[in-house]
Asker: 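Before we start, here is the structure in question, set down as structure tokens.
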Amino acid sequence: MQRLCKNHGGYHGERIDIHHVTRAALRTARGQGWLVAALPFEGGELLTLVRHAPGAGRNIYLSTGIHGDEPAGPVALESLLTENRWPADANLFLCPCLNPT
């Protein structure tokens with residue numbers, strides 16, 4: 001894992017380009033066979049990613065980015081998508097950024 005070293009010693013208002021991060025997550029997810037949906041809302045779209053596992057015994061939901069001034073979550077979720085090490089026995093539901101605006 002590569003550390004960005006943006007929050008060393010605490011969060012001090014560092015910003016990320018959320019559209020770049022969500023586009024990267026979208027490209028990675030599509031390349032790995034995730035189901036992708038963009039749900040429209042006033043001012044943009046909410047990106048959702050779904051992966052169903054045959055005979056799944058559990059569901060896992062992950063969302064990030066509810067507060068625009070907390071950049072670590074969307075970046076971490078994009079890294080998780082890139083690593084692609086998910087439980088094989090779980091349906092996965094991801095929202096890389098709940099509040100992109």
Asker: Could you walk me through whether Leu92 and Val50 pass side chain to side chain contact (heavy atoms under 4.5 Å, CB included), step by step?
Answerer: CA-CA 6 Å; Leu92 302 165; Val50 178; over 6 Å; no
Asker: Indicate every side-chain donor-acceptor pair of residues 29-46 with a distance under 3.5 Å to a residue at least two apart or in another chain.
Answerer:
from: Gln32; atom 1: OE1; to: Trp34; atom 2: NE1; distance (Å): 3.4
from: Gln32; atom 1: NE2; to: Leu81; atom 2: O; distance (Å): 2.9

Asker: Among Cys97, Pro71, Pro96, whose side chain to side chain contact (heavy atoms under 4.5 Å, CB included) with Ile18 holds?
Answerer: Cys97
Asker: Looking at CG of Leu26 and CG of Leu49, how far apart are the two atoms once the value is rounded to the nearest 0.5 Å?
Answerer: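 One finds 7.0 Å between CG of Leu26 and CG of Leu49.
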Asker: Measure across Ala25 and Glu78 and return the closest heavy-atom pair with its distance rounded to 0.1 Å.
Answerer: N-CG, 3.8 Å
Asker: Go through the structure and list residues passing salt bridge (Lys or Arg N to Asp or Glu O under 4.0 Å) with Arg85, not counting sequence neighbours.
Answerer: none
Asker: Between Phe93 and Thr48, is a side chain to side chain contact (heavy atoms under 4.5 Å, CB included) present by the stated rule, with each step listed?
Answerer: CA-CA 7 Å; Phe93 305 89; Thr48 61; over 6 Å; no
Asker: Return the set of residues passing side-chain hydrogen bond (donor to acceptor under 3.5 Å, both in side chains) with Ser63 (not counting sequence neighbours), or none when no residue passes.
Answerer: Tyr61
Asker: Under 4.5 Å between any side-chain heavy atoms of Leu62 and Leu77, yes or no?
Answerer: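 Leu62 reaches Leu77 side chain to side chain.
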Asker: When you measure from the side chain of Asn91 to the backbone of Ala53, do you find a donor-acceptor pair of N or O atoms at a distance under 3.5 Å?
Answerer: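 Yes; at least one donor-acceptor contact below 3.5 Å.
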Asker: Rounded to the nearest 0.5 Å, how far apart are CZ of Arg23 and CG of Asp17?
Answerer: 6.0 Å
Asker: Any side-chain heavy atom of Thr82 sitting closer than 4.5 Å to one from Ser79?
Answerer: no
Asker: Rounded to the nearest 0.5 Å, how far apart are OG1 of Thr22 and CG of Leu47?
Answerer: 6.5 Å
Asker: With clusters defined by side-chain heavy atoms of hydrophobic residues (ILVMFWY) lying less than 4.5 Å apart, directly or transitively, does Trp86 cluster with Ile60?
Answerer: yes
